[in-house]
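Worksheet for the structure shown next.
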Amino acid sequence: MVEQERSVSIDPDRPMDILDAACPSRDVFVNLADKWALLMLASLRERGAQRYSELQRSLGGISRKMLSQTLRTLERDGLVLRSVDPEVSPPLVLYGLTDLGSEIAEETRALCSWTEKRAARVHAARIAYDQRHASAQGMRADSGGE
């Protein structure tokens with residue numbers, strides 16, 4: 001997710017279109033659409049600023065490498081702020097949302113809510129799909145793969 005990027009000049013007269021691969025909004029959208037980015041934004045929205053280890057526990061299943069990578073990407077995009085309190089030993093490092101991060105985190109609330117409400121229906125659809133495709137493959141195998 002983190003990569004060195006060339007400087008992008010944005011033409012203020014050109015409308016943004018995430019479906020256009022050359023549009024600067026596309027890479028922003030791709031970073032946000034990453035599963036860990038969405039979950040991280042949701043965790044920071046719900047639980048507030050967190051230490052690295054707290055954030056890792058709150059996300060459940062994220063590797064340290066992916067956590068670091070996602071944090072760097074979100075920090076680079078201006079959505080997460082890494083703050084260090086050097087007065088404490090060891091220094092206290094917290095990750096929290098910037099104003100821009102709070103704005104997008106709030107926008108993801110509806111997606112999170114929909115997902116929680118509809119997860120059972122999505123899983124049922126997956127099971128039905130898998131059963132249809134398993135029986136179709138079984139029929140092809142029975143007919144000699146024709």
ILVMFWY network linking M66 to L74, side-chain heavy atoms under 4.5 angstrom: yes
Minimal non-hydrogen separation, R64 against Y52, with atom names: O-OH, 2.8 Å
Spacing of OG belonging to S25 relative to CG belonging to D17, to within rounding of 0.5 Å: 6.5 Å
Working for side chain to side chain contact (heavy atoms under 4.5 Å, CB included), residues M40 and L67: CA-CA 9 Å; M40 192 174 295; L67 178 61; 3.4 Å; yes
Main-chain N/O of L111 paired to T108 side chain as donor or acceptor, under 3.5 Å: no
Heavy-atom pair of closest approach, residues P91 and V84: CB-CG1, 3.9 Å
CZ-CD distance between R118 and E116, expressed to the nearest 0.5 angstrom: 12.5 Å
CD-CZ distance between E54 and R57, expressed to the nearest 0.5 angstrom: 6.0 Å
Exercise: identify the closest heavy-atom pair between P24 and I10: CG-CG1, 3.9 Å
same_hphob_cluster(I104, L81) at 4.5 Å side-chain heavy-atom cutoff: no
Spacing of CD belonging to E75 relative to CG belonging to D77, to within rounding of 0.5 Å: 10.5 Å
R45 and E107 ion-paired at < 4.0 Å: no
Sidechain-backbone polar pair: R26 side chain, L19 backbone, donor-acceptor under 3.5 Å: yes
L44/L55 under side chain to side chain contact (heavy atoms under 4.5 Å, CB included): CA gap, chis, key distance, verdict: CA-CA 8 Å; L44 292 170; L55 191 52; 4.1 Å; yes
Transitive ILVMFWY side-chain link V93 to L79, under 4.5 Å: yes
Side chain to side chain contact (heavy atoms under 4.5 Å, CB included) evaluation trace for R126 with Y129: CA-CA 5 Å; R126 288 177 183 172; Y129 175 91; 5.6 Å; no
For R47 against S58, the heavy-atom pair lying closest together: NH1-CB, 2.9 Å
For Q50 against S43, the heavy-atom pair lying closest together: NE2-OG, 3.0 Å
Shortest non-hydrogen contact between Q56 and I62, atoms and distance: NE2-O, 3.3 Å
OG on S102 to CG on L97, rounded to 0.5 Å: 4.5 Å
E106 and R109: CA distance, side-chain angles, deciding distance, salt bridge (charged side-chain N to carboxylate O under 4.0 Å, His left out) verdict: CA-CA 5 Å; E106 193 56 41; R109 187 182 296 274; 2.7 Å; yes
Flag side-chain contact, heavy atom, 4.5 Å: L41 against L32: yes
ILVMFWY cluster, L100 and L71 together (side-chain gap under 4.5 Å): yes
Crowding at CZ, R82 (>12 non-hydrogen neighbours, <6.0 Å): no
